[in-house]
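Take a look at the structure below.
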Amino acid sequence: MKVNGVPTRTIWSLDDGQAVGIVDQTLLPYRFEKLVLSDWRALADAIVTMKVRGAPLIGIAAVWAMTLAIRDDATDEAIHRVRSELIACRPTAVDLQWGVDQIVKRVMPFKPRERFIAAVKLAEELTQANVLANRAIGTHGAKVIAEIYAKKRAPVNILTHCNAGWLATVDYGTALSAVYIAFEQGIPVHVWVDETRPRNQGLLTAWELEACGVPHTVIVDNAGGHLMQHREVDMVLVGADRITAIGDVANKIGTYLKALAAKDMDVPFYVAAPSSSIDWTIQDGKHSIEIENRDGNELRYVRGLDKSGRVTDIEIISPLTNVENPAFDVTPARLVTGIITERGVCAPEFLTRLFPEGARRGMR
Ligand code: MRU
């Protein structure tokens with residue numbers, strides 16, 4: 001995607017894989033800044049603090065973190081130790097484990113002194129594959145939007161939650177990739193953007209849509225049900241952090257409530273995600289997916305610009321008040337109309353038909 005007219009990705013390699021560049025998402029939408037990280041621990045910290053975020057991007061960031069760790073120590077023991085540390089950084093997004101394991105599995109057969117070069121090559125391939133998968137998701141998703149437009153013959157109103165745009169991937173995004181491609185094809189769209197407390201990823205979504213000229217409106221998280229009751233939403237389209245083999249979907253906290261309202265109002269509810277977000281080892285999402293609990297300070301403080309234009313955090317909840325901050329929830333498959341993947345769109349129960357190899361192995 002373009003930032004100020006310049007094609008930009010969210011992560012890129014530098015110096016033959018000795019470092020990576022990232023966009024610091026904690027400063028957006030207020031300031032656009034890039035960081036150069038040359039140590040795996042710095043990249044792990046960027047994942048924890050959400051300088052990089054969004055399941056597919058976390059997966060690729062972990063691929064590069066693992067690669068930098070192998071540069072520093074390519075012994076079996078070090079690789080297994082770093083693997084465990086990285087996976088613990090953010091437990092819900094399965095792409096993180098997927099990314100780390102891609103490197104570990106495919107680099108281990110090499111002799112230790114050959115492992116870094118092999119890891120860099122693989123990391124470059126996985127980074128590029130992420131872009132292609134997202135573009136394919138967008139192409140399939142745009143067909144769903146086109147079908148709604150063909151019936152409605154008026155702008156398609158799409159409600160999205162959190163940020164499943166290019167910032168959450170290497171490029172294009174997942175849910176927003178479909179919106180971008182539909183928009184490019186001339187289908188009139190309008191996006192209802194959930195603010196997405198407490199981290200307000202909706203503001204990232206609005207920033208992206210603004211840059212691409214896609215009509216959109218930011219709403220508070222609780223407005224979706226009301227808008228659906230008044231027929232102001234034609235489809236809900238979100239990303240995913242982990243999808244089970246039967247199609248239960250973990251995504252940003254609040255997604256489940258949108259799915260319930262959508263079911264009540266017969267609004268189609270679609271999830272867009274690459275196959276790296278499918279965890280073939282589990283079925284029942286509510287009982288099997290670990291939900292990341294994040295620091296309560298994310299609720300206590302709100303980030304914005306002060307009157308002098310400085311990025312600043314304001315305390316809005318007393319330190320004496322208890323807070324709880326589960327970052328994700330699980331939407332059961334029965335509330336999901338379709339899952340949009342790089343191989344096409346299917347009802348949740350047919351995921352295993354689209355990816356027979358994943359289902360067979362019971363692995364990601
Ligand atoms: O906590 P975040 O910002 O990493 O959560 C992101 C989401 O929940 C996204 O909807 C999900 O990762 C899909 S991104 C393509």
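Basis for what follows: all heavy atoms, side chains included, without hydrogens, waters or symmetry-related copies. All ligand and atom numbering here is 1-based and tracks the order in the structure.
Nearest to atom 1 (O) of ligand 1 by heavy atom, out of Lys252, Arg294, Arg53, Glu298, is Lys252. The closest heavy-atom contact to atom 7 (C) of ligand 1, among the options Val238, Asp241, Leu167, Thr174, comes from Asp241. Closest heavy-atom approach to atom 4 (O) of ligand 1 among the candidates His161, Arg90, Gln201, Met50: Arg90.
No cation-pi contact links Lys2 to Trp166, judged by a cut-off of 6.0 Å to the six-membered ring centre and 45° from its axis.
Atom CG of Asn325 is separated from atom CD of Glu298 by 5.0 Å, given to the nearest 0.5 angstrom.
Within ligand 1, counting atoms from 1 as listed, the ones closer than 4.0 Å to a heavy atom of Asn163 are 9 (C), 14 (S). Contact atoms of ligand 1 toward Asn251: 7 (C), 8 (O), 9 (C), 10 (O), 11 (C) (distance under 4.0 Å to a heavy atom of the residue). Taking every heavy atom of Phe328 and a limit of under 4.0 angstrom, the matching atoms of ligand 1 come to 1 (O), 5 (O), 8 (O). The ligand atoms of ligand 1 that sit less than 4.0 angstrom from a heavy atom of Pro56 are 14 (S), 15 (C). Remark: ligand 1 atoms within the under-4.0 Å shell around heavy atoms of Cys162 are 5 (O), 6 (C), 7 (C), 8 (O), 9 (C), 10 (O).
One side chain, His190 or Thr217, offers a donor N or O that lies under 3.5 Å from an acceptor on the other. Of the N and O atoms on the side chains of Ser275 and Glu342, at least one donor lies less than 3.5 Å from an acceptor on the other residue.
Residue Ala240 touches ligand 1 through its backbone alone, judged by heavy-atom distances below 4.0 Å. Contacts between Ala55 and ligand 1, counted as non-hydrogen atom pairs separated by less than 4.0 Å, involve both the backbone and the side chain.
Protein heavy atom in closest approach to atom 14 (S) of ligand 1: Ala168 CB, 3.4 Å.
The aromatic rings of Phe355 and Trp280 lie tilted to each other, with the angle between the two planes from 30° to 60°.
Crowding of Glu315 atom CD: a count of heavy atoms from other residues, nucleotides or ligands under 6.0 Å exceeding 12. For Asp306, the CG atom sits in a packed shell: over 12 heavy atoms of surrounding residues, nucleotides or ligands are nearer than 6.0 Å.
A side-chain donor-acceptor contact under 3.5 Å links Tyr30 to the backbone of Arg303.
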